[in-house]
Amino acid sequence: MRSRARTAVAAAGMTLALLASGCGADDGDGGAGSNKVEVFTWWADGGEKAGLDGLVAQFKTDCSQYEFVNGAVAGGAGSNAKQVLASRLQQNDPPDTFQAHAGAELSDYIKAGQIEDLSAQYKEWGLDSAFPKGLVDSLTVDGKIYSVPANIHRANVLWGNKTVLAKAGITAPATTLPEFFAQLDTLKAKGVATPLALGKDWTQQMLFEAVLISKLGPDKFSGLWTGQTDWAGAEITDAINDYKKLLSYSNKDRDTLDWTGAEELVMAGKAAYQLMGDWEAADLDAKGFKDYNYSAFPGNGDAYQWLADSFVLPKNAKNPDGTKCWLKTLGSAAGQKAFNTKKGSIPARTDADAAAYPAYQQAAIADWAKGTPVPSCPHGSACSQGWQDAVASAQGKFSSDGDVAALQSALVAAAKQYAGK
Ligand code: GAL
């Protein structure tokens with residue numbers, strides 16, 4: 001994956017080689033008698049919806065013979081959408097396309113035989129060379145490519161309310177965990193009751209992973225998902241203890257909030273910080289909140305915790321030609337720009353012109369280029385859906401009982417059950 005980051009570096013600043021947009025007349029009239037293309041996501045509000053809208057505008061230009069149908073089911077990280085999708089797939093009622101994270105999560109759908117091989121489309125649309133090799137590998141099983149990536153997001157970013165931080169005399173981001181704890185103590189002493197905003201299960205999983213990256217470093221962290229790093233080790237116990245301490249600086253109603261609920265605490269100045277993926281950049285912008293700063297989570301160094309939203313052609317989709325037009329658009333340079341400039345993510349394509357992006361993404365493109373890629377479990381690049389669910393439920397339990405040994409055994413058991421599967 002390092003080479004992937006490097007490829008992206010080489011690409012930064014290069015001029016866009018725009019793909020010929022528009023799907024040809026031979027793209028058909030909508031398959032089984034319909035021109036509708038149902039696109040299933042969890043991007044229903046704020047910056048996420050803004051990103052989707054950007055892509056839809058490009059789709060309307062490139063694929064004017066088709067009609068976009070919004071199948072979004074609200075809920076951060078697909079917390080509701082994935083259940084709805086699973087039952088639709090089971091009932092053989094797939095949407096025309098759905099979002100699936102690159103990596104282990106996508107492999108679940110491939111193994112279940114639920115999505116089609118897109119290798120021929122990759123050749124036809126020139127996508128083989130458009131994306132970094134490491135990313136294409138995460139979309140490939142047995143030599144076949146099953147999905148088109150829309151972006152690369154970064155998960156391990158700490159967002160701060162500038163005014164709240166300045167009032168507490170904090171002018172620079174913490175670069176280590178001990179420094180971060182000292183800042184949180186200062187904020188508490190200055191009357192910020194809950195310095196760290198936090199939401200429910202999957203957002204807690206993200207915070208815990210950020211702590212693990214600080215404690216283990218990128219290589220050992222990545223090894224947690226391949227069986228090379230032992231979940232039962234003393235470093236993990238240490239990380240859980242630090243994470244437990246972090247929870248004590250967070251809002252007590254965390255288990256009831258989605259990521260946007262926690263984000264509101266930061267916007268309202270009730271909290272100083274939130275660890276969240278960089279969809280937060282787009283969301284804060286969409287909500288008109290400008291008083292924020294961002295940095296990598298303390299102690300994460302140049303680790304770039306990546307995830308990629310990708311879209312698929314489900315088996316038995318009603319309008320496969322319409323789906324292909326959607327996929328061609330989102331894989332194109334114009335589609336990636338229309339989407340990512342609004343979504344907070346960076347383009348998966350390596351030929352993007354960084355200057356065309358907002359300030360946050362320009363910084364992210366540079367960081368991705370020189371950073372060390374590490375995967376994310378709650379966003380599917382590191383682990384399967386079953387593993388995600390097992391960890392999320394263990395984290396939810398830990399949020400109320402704080403039992404360090406019980407969390408560690410649950411993590412060990414989950415790894416035993418799911419690693420390498
Ligand atoms: C992630 C997804 C992002 C963003 C986030 C919050 O899983 O990849 O695009 O939508 O959830 O909902």
Side-chain angles (χ1 to χ4, degrees), residues 39-56 70-85 97-106 108-109 135 138-139 147-157 159 197-207 209-210 257-264 266 274-287 304-312 330 335-336 338-348 360-361 364 368 375-385 387-389 391-392:
V39 177
F40 188 95
T41 70
W42 52 86
W43 298 331
D45 295 298
E48 298 185 303
K49 172 84 166 36
L52 180 62
D53 287 349
L55 188 51
V56 171
N70 193 348
V73 175
S79 41
N80 306 318
K82 284 176 174 178
Q83 285 163 30
V84 174
L85 179 65
T97 185
F98 60 85
Q99 83 184 95
H101 289 123
E105 186 184 305
L106 179 74
D108 286 348
Y109 297 110
L135 180 57
S138 73
L139 307 166
S147 190
V148 180
N151 62 358
I152 291 167
H153 265 303
R154 184 178 194 176
N156 57 335
V157 186
W159 306 89
L198 191 56
K200 63 183 179 180
D201 44 31
W202 65 271
T203 73
Q204 296 170 15
Q205 212 178 333
M206 289 180 73
L207 181 63
E209 288 194 353
L257 300 183
D258 205 334
W259 69 278
T260 42
E263 179 196 45
E264 270 167 33
V266 175
Q274 181 188 10
L275 178 279
M276 191 38 60
D278 52 13
W279 42 90
E280 182 133 334
D283 203 57
L284 291 170
D285 291 349
K287 290 171 178 164
Y304 200 106
Q305 194 178 27
W306 72 277
L307 57 120
D309 296 304
S310 72
F311 283 80
V312 300
L330 80 86
Q336 300 241 316
F339 177 65
N340 288 297
T341 46
K342 307 243 172 54
K343 181 67 167 65
S345 38
I346 61 174
Y360 170 75
Q361 283 98 319
W368 171 244
S376 152
C377 178
H379 303 291
S381 45
C383 71
S384 63
Q385 192 59 54
W387 200 345
Q388 288 176 43
D389 294 344
V391 177

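In each ligand, atom 1 is the first atom listed, and ligand 1 is the first ligand listed.
Classified by interplanar angle (parallel below 30°, tilted 30° to 60°, perpendicular above 60°), the ring pair F339/W43 is tilted.
Close approach of ligand 1 to G76 (heavy-atom distance below 4.0 Å) involves ligand atoms 12 (O). Listed by atom number, the atoms of ligand 1 under 4.0 Å from L307 heavy atoms are 8 (O). Shown in contact with A77 at under 4.0 Å from a heavy atom are these atoms of ligand 1, numbered in order with element: 6 (C), 7 (O), 11 (O), 12 (O). Each of the following atoms of ligand 1 lies closer than 4.0 Å to a heavy atom of W259: 6 (C), 12 (O). Interface atoms of ligand 1 facing H101, defined by a heavy-atom separation under 4.0 Å, are 1 (C), 2 (C), 7 (O), 8 (O). Of all atoms in ligand 1, numbered sequentially from 1 with element shown, those under 4.0 Å from a heavy atom of K343 are 3 (C), 4 (C), 9 (O), 10 (O).
Polar contact check, N151 against ligand 1: no nitrogen or oxygen pair lies under 3.5 Å apart. Any N or O atom pair closer than 3.5 Å counts here, and D309 shares at least one such pair with ligand 1. An N or O contact shorter than 3.5 Å links E48 to ligand 1 by distance.
Nearest heavy-atom pair across L139 and A102 is CD2-CB, 3.6 Å. Here the closest heavy-atom approach between residue E263 and residue Q274 is recorded as CA-OE1, 3.2 Å.
The six-membered or imidazole ring of W42 lies near that of H101, with a centre-to-centre distance under 6.0 Å.
Here E209 pairs with nothing under the salt bridge (charged side-chain N to carboxylate O under 4.0 Å, His left out) rule; sequence neighbours left out.
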Next item on the list: Could you please spell out the steps behind the side-chain contact (heavy atoms from CB on, under 4.5 Å) verdict for T203 and L257?
Entry: CA-CA 9 Å; T203 73; L257 300 183; over 6 Å; no
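The nearest heavy-atom contact from the protein to atom 1 (C) of ligand 1 is H379 ND1, 3.3 Å.
Taking the side chain as every heavy atom from C-beta outward, W368 and W306 approach each other to under 4.5 Å.
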